[in-house]
A.B. asks: 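Here it is, the structure in full.
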Amino acid sequence: MDSRSSSHTATSAKGKEIMIMDPNVYNSPDDIYADWDTDDELEMEFFEATLQDKGASSPGSSSYNSSKVDHFVSMGFPEKRVVQAIKENGEDNDEAILNSLLTYSAIEDTSSGDDICLDDFSDSDGDNCRAVKGTERYSDNKDKTISILVDMGYQIEDVLIAIERCGYETPIEELADYICAAEMAKVADVTEFRPPPQIPRIQIDKKRKAFPKVNERHRKRPDIRRERSSESYSHKLMIGYGVPGCAPAVCHRKLPDHVVGPPYFYYENVALTPKGVWDDISRFLYDIEPEFVDSIYFSAAARKRGYIHNLPIDGRQPLLPIPPKTIHEAIPDTKKWWPSWDKRTKLNCLLTCIGSAQLTERIRKRVLSGDPSEADKQFVVEQCKKWNLVWVGKNRVAVLEPEDMEMLLGFPRFHTRGLSRTDRYKTLGNSFQIDTVAYHLSVLKPLYPNGMNVLSLFSGIGGAEVALYKLGITLNNVVSVEISPSSRKVLQDWWEENGLQGKLIHVDNVEKVDKGMLDRWIDEFNGFDLVIGGSPCNNLAGGNRRTRDGLEGEHSSLFFQYYRILNHVRDSMKERALS
DNA sequence: CTAAAGATGAGATTACGG
DNA sequence: CCGTAATCTCATCTTTAG
């Protein structure tokens, strides 16, 4: 595991020291968060509504004025922290107390994670949300509807999308109209489109920001968000607002007004999280719906990811040249050894761990006869899928080389050279798929002909930087926050080797990035144009047997740092614009 | 000491066939 | 409608080899 201890310099391959910002020159460690948000406006309407809601649902809980401690404990905060927060902020300052508690809950490693249990934000509006239709939609009519529409001459993709968006119960005529309208919109390149969700957005004072809570996921009760999940987060196609060669019937969206325009932000994480996680993430990130995309449309390897961003979605351009999209095209040497009974044309998701040499040897023995049994074939194919093995010789499979992964992810060959083999797999497995991300970011190219200032959180080996660079966007100033020294070195080396002229600032720990640092950068660079990053997925990813704890997990809770930092950049730049 | 190997399923979504 | 099977997943931890 990466150490969170601060290392202030690292040595690059060229022996040059990487300068790392030291936050302690601005703040003492103890008050890194102490001043956080305490001067910000709070969403008191929301909090009070939450309180009332809680009080109504649990009559036994303390009333507002009786016991301050009980009051906050009843909201689910641990008593220990409540006492501390009251001590720090004074008994009368509810706002500051809540803020402290919320900040703590976001930034602390919650070894006793379950004790943070606020009431559900969506409860207060839940009753108004029942407009969503039920899920009893998988009727026999489904296939019939699809086949009728296909017979009418519509593309199957468009039909599926129309059905997904409108519901299976929707009359055929309506669906047909929908598809036609979508086609027209595509042709006319209209930018306005109907607001997709039937779910009412949480509309409080637009000027202020909502601070929704992390949901307590083990609670057993009807959950409106589940319906919303199955309603709007369909993963069937996973093309988001479109991929090259496969546009959805509808490719427009309506963003909340206050998130339109700069600073742009782009957030990424695994698509297949525990239930409710993306709803939480979405709620924090201004109720923007995630765009789920599988990199299978950009690469020969799958990579199902969700992206939340406020980028325009019109005029996207793929990175050129178009990468190979099948295994044989991507790794041509494998073609001559590929047995006919291995039907794979695409690789599964590139992970952080690889299969062992022993496994490939066991597989070799299974197929050595030249005429393996059906059981042998089944075993071999199963293992090949599990570990992304490819045929590299007669009866011989092997794991992907790090260079293969670099290529499949869109990085330059040998991008991670210099790391140990294990670390190369690990850092690559944790990275963006460049072509996918670049496709989304491509809309920035005409907007920033003079280059961009980028705040890159959880940079890793620099996926965001590489994507922007390959788009031909000049990187004027980049602040890169990354915990792993070896990953920082990879980015620094890449930066130097490609002769980038901009300023690259490294920060080692996202938790140390405070208001002072951000404001200094914003002053110096005249603001950030893009805040980009994918927070740790360790506690969300399906491969994690031990600590798949959701957003409150030890590492994945760093999402709240992304939110915290983005929110301040937005506030600070808004303030600047007004003065 | 580092690096590799091996053991460790659940959770969510589809697909499919009554 | 339903249950069941199939599929896949930005992983963690301990042991072993060197």
Side-chain angles (χ1 to χ4, degrees), chain A residues 1-2 134-143 160 164 168 217-218 226 229-231 233-238 267-279 292-296 299 301-307 343-344 346-362 378 381-388 399-400 402 405 408-411 416 419-434 436-437 458-461 463 484 486-487 533-550 553-556 558-559:
Chain A
M1 188 205 302
D2 293 328
T135 52
E136 65 293 329
R137 211 170 285 107
Y138 276 85
S139 61
D140 297 334
N141 293 333
K142 174 188 162 190
D143 288 337
L160 286 173
E164 271 172 29
Y168 290 113
R217 231 174 317 292
H218 305 297
R226 298 200 171 183
S229 290
S230 56
E231 177 88 5
Y233 294 171
S234 174
H235 294 156
K236 261 183 196 165
L237 282 178
M238 243 196 235
Y267 175 80
E268 177 259 11
N269 216 319
V270 291
L272 280 58
T273 63
K275 276 185 179 172
V277 167
W278 272 108
D279 296 287
F292 291 105
V293 181
D294 190 340
S295 293
I296 203 81
S299 159
R303 206 167 189 79
K304 296 176 181 63
R305 297 294 180 269
Y307 306 89
K343 303 294 184 189
R344 289 177 299 156
K346 300 274 194 178
L347 292 163
N348 280 333
C349 185
L350 306 178
L351 305 177
T352 55
C353 298
I354 59 165
S356 66
Q358 275 68 19
L359 174 62
T360 61
E361 181 58 22
R362 285 200 294 275
Q378 190 185 343
V381 169
E382 185 186 322
Q383 293 298 312
C384 284
K385 286 180 177 176
K386 182 174 181 181
W387 295 105
N388 263 337
V399 298
L400 296 171
M405 282 181 61
L408 290 163
L409 289 169
F411 285 95
T416 57
L419 305 186
S420 76
R421 197 176 167 85
T422 309
D423 282 345
R424 292 181 74 179
Y425 286 120
K426 184 174 174 181
T427 55
L428 285 164
N430 279 312
S431 197
F432 285 169
Q433 206 289 324
I434 300 292
T436 312
V437 172
F458 315 102
S459 302
I461 54 176
S484 159
S486 52
S487 290
S535 62
C537 67
N538 308 25
N539 308 115
L540 311 178
N544 188 341
R545 273 104 144 137
R546 307 226 178 196
T547 53
R548 197 182 186 188
D549 302 330
E554 181 184 358
H555 302 103
S556 294
L558 288 173
F559 158 75

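Chain identifiers are assigned alphabetically (A, B, ...) following the order of the sequence lines, protein sequences preceding nucleic acid strands; residue numbering begins at 1 within each chain.
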A.B. asks: Please confirm whether the shortest side-chain N or O distance from A:Asn544 to OP1 or OP2 of B:dA10 is below 4.0 Å.
C.D. replies: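 For A:Asn544, the contact criterion (side-chain N or O under 4.0 Å from OP1 or OP2 of B:dA10) is not met.
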A.B. asks: Excluding sequence neighbours, so at least two apart, what forms ring pair (Phe, Tyr, Trp, His ring centres under 6.0 Å) with A:Tyr307?
C.D. replies: A:Tyr266, A:His440
A.B. asks: May I ask you to evaluate whether A:Asn348 reaches the phosphate of C:dT9, defined as a side-chain N or O under 4.0 Å from OP1 or OP2?
C.D. replies: yes
A.B. asks: Regarding C:dC10, can its base be found pairing with the side chain of A:Arg303 as donor and acceptor, where the two atoms are less than 3.5 Å apart?
C.D. replies: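 Checked by distance alone, the answer is yes.
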A.B. asks: Starting from P on B:dT13, measure out to CG on A:Leu540 and report it in whole angstrom.
C.D. replies: 14 Å
A.B. asks: What nucleic acid atoms does A:Ser535 come within less than 4.0 Å of, heavy atoms only: base, sugar-phosphate, or nothing?
C.D. replies: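 The answer is base, as A:Ser535 lies within the cut-off (heavy atoms under 4.0 Å) of a base atom.
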A.B. asks: Would you kindly give the NZ-to-P distance between A:Lys236 and B:dA15, to the nearest whole Å?
C.D. replies: 7 Å
A.B. asks: What is the distance, rounded to the nearest whole Å, between atom CZ of A:Arg545 and atom C1' of C:dT9?
C.D. replies: 9 Å
A.B. asks: Once you apply a heavy-atom cut-off of 4.0 Å, does A:Lys385 come out as touching a base, just sugar-phosphate, or nothing?
C.D. replies: sugar-phosphate
A.B. asks: Report all side-chain donor-acceptor pairs from residues 539-547 of chain A shorter than 3.5 Å, counting only partners two or more places apart or in another chain.
C.D. replies:
from	atom 1	to	atom 2	distance (Å)
A:Asn539	OD1	A:Glu554	N	3.3
A:Asn539	OD1	A:His555	N	2.8
A:Asn539	OD1	A:Ser556	N	2.9
A:Asn539	ND2	A:Thr547	O	2.8
A:Asn544	OD1	A:Arg546	N	2.9
A:Asn544	OD1	A:Thr547	N	2.8
A:Asn544	ND2	A:Asn538	O	2.7
A:Asn544	ND2	A:Thr547	O	3.4
A:Asn544	ND2	A:Thr547	OG1	2.9

A.B. asks: If you check the A:Arg305 side chain, which of C:dC10, C:dC13, B:dG6 turns out closest?
C.D. replies: C:dC10
A.B. asks: If you check the A:Lys275 side chain, which of C:dT12, B:dT13, B:dG6 turns out closest?
C.D. replies: B:dT13
A.B. asks: Within less than 4.0 Å of OP1 or OP2 of B:dG6, is there a side-chain N or O belonging to A:Ser356?
C.D. replies: yes
A.B. asks: Remember a base hit wins even if backbone is also touched, and classify A:Leu351 as base, sugar-phosphate or nothing at under 4.0 Å, heavy atoms.
C.D. replies: sugar-phosphate
A.B. asks: Between C1' on C:dC10 and CG on A:Asp294, what's the gap in Å once rounded to a whole number?
C.D. replies: 13 Å
A.B. asks: If a stem is a run of at least 3 consecutive Watson-Crick or G-U pairs, both distances under 3.5 Å, which stems include DNA chain C?
C.D. replies: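 The stems that DNA chain C takes part in, listed by first number, are B:1-8 with C:11-18, B:10-18 with C:1-9.
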A.B. asks: What integer number of Å spans the C1' atoms of C:dC8 and B:dG9?
C.D. replies: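 Looking at atom C1' only, C:dC8 and B:dG9 are 13 Å apart.
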